[in-house]
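Read the structure below first, then the notes.
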Amino acid sequence: MEIKIERQPREEHLNELGVFKWEVWKKEVSKFPWTYDSQETCYFLEGDVVVTPDGGQPVQMGKGDLVIFPAGMSCTWEITKDVKKHYYFD
C-alpha cells in the first residue's frame with residue numbers, strides 16, 4: 001500500500017477535484033496511530049507531517065501537498081507543525 005503525493009498541484013487541478021468545498025481538519029503537534037477504513041484524499045493548507053505506514057518507510061508531507069491514503073492502511077501520524085487540511089473520504 002502506497003501513499004500518493006502530488007507536490008504543489010496546480011490550482012485548476014484542485015478546483016476540478018472540488019478541494020476547497022471539502023471539510024477542514026485541524027490538529028496540533030502530536031503523534032498518534034491511524035487506520036484508513038476508506039481511501040482519503042487531502043490537501044494540506046498548513047503544517048508538516050511524517051506518516052509512517054506500519055512496516056513501511058516514513059513519508060514526509062505538508063503545506064501545498066495533495067495526498068491520497070489507501071483504504072486499509074494502518075500508520076502512525078507524527079505532526080511536527082500544526083496541520084490544517086481539506087479532506088474527502090471515498
Side-chain angles (χ1 to χ4, degrees):
M1 278 185 220
E2 172 182 10
I3 299 170
K4 297 185 179 128
I5 302 180
E6 187 179 340
R7 309 273 183 197
Q8 308 298 322
R10 294 190 348 271
E11 192 159 339
E12 296 83 28
H13 182 52
L14 297 173
N15 288 332
E16 283 165 19
L17 292 171
V19 164
F20 301 107
K21 297 186 181 96
W22 298 350
E23 297 283 324
V24 171
W25 183 80
K26 296 179 186 178
K27 184 82 174 157
E28 69 286 349
V29 170
S30 54
K31 187 173 182 176
F32 56 92
W34 190 256
T35 298
Y36 289 89
D37 296 327
S38 53
Q39 178 176 286
E40 179 190 346
T41 303
C42 66
Y43 177 69
F44 286 87
L45 298 167
E46 296 171 11
D48 284 305
V49 185
V50 176
V51 177
T52 306
D54 291 2
Q57 295 299 311
V59 181
Q60 202 275 327
M61 61 196 72
K63 183 177 179 176
D65 290 338
L66 182 67
V67 184
I68 299 174
F69 297 101
M73 185 182 81
S74 293
C75 58
T76 300
W77 270 63
E78 186 171 359
I79 298 174
T80 55
K81 187 176 176 190
D82 291 7
V83 161
K84 182 178 176 185
K85 66 174 185 164
H86 285 288
Y87 70 95
Y88 174 80
F89 285 102
D90 289 344

When you group the ILVMFWY residues by side-chain heavy-atom contacts below 4.5 Å and let the links chain together, are [Y] and [X] in the same group?
X: Trp25; Y: Val50; value: no
X: Met73; Y: Ile68; value: no
X: Ile5; Y: Trp22; value: no
X: Leu17; Y: Val67; value: no
X: Val59; Y: Val49; value: yes

Distance check, rounded to the nearest 0.5 Å: [X] atom [atom1] versus [Y] atom [atom2]?
X: Glu23; Y: Phe89; atom1: CD; atom2: CZ; answer: 10.5 Å
X: Trp34; Y: Trp77; atom1: CH2; atom2: CH2; answer: 9.5 Å
X: Asp48; Y: Gln60; atom1: CG; atom2: CD; answer: 5.5 Å
X: Lys85; Y: Lys27; atom1: NZ; atom2: NZ; answer: 11.5 Å
X: Glu2; Y: Gln57; atom1: CD; atom2: CD; answer: 13.0 Å
X: Asn15; Y: Arg10; atom1: CG; atom2: CZ; answer: 10.5 Å

Partners of Gln39 by side-chain hydrogen bond (donor to acceptor under 3.5 Å, both in side chains), sequence neighbours excluded?
-> Asp90

Can you name the closest pair of heavy atoms from [X] and [Y] and give their distance?
X: Pro53; Y: Cys75; answer: CA-CB, 3.7 Å
X: Phe44; Y: Gly62; answer: CB-O, 3.2 Å
X: Ile3; Y: Met61; answer: CG2-CE, 4.1 Å
X: Tyr43; Y: Leu14; answer: CZ-CD1, 3.6 Å
X: Gln8; Y: Lys63; answer: NE2-O, 3.6 Å
X: Ala71; Y: Met1; answer: O-SD, 3.6 Å

Check the pair Phe32, Ile79 against side-chain contact (heavy atoms from CB on, under 4.5 Å), reporting the backbone distance first and the verdict last.
-> CA-CA 9 Å; Phe32 56 92; Ile79 298 174; 3.9 Å; yes

Walk me through it: do Glu46 and Asp82 pass the test side-chain contact (heavy atoms from CB on, under 4.5 Å)?
-> CA-CA 7 Å; Glu46 296 171 11; Asp82 291 7; 5.8 Å; no

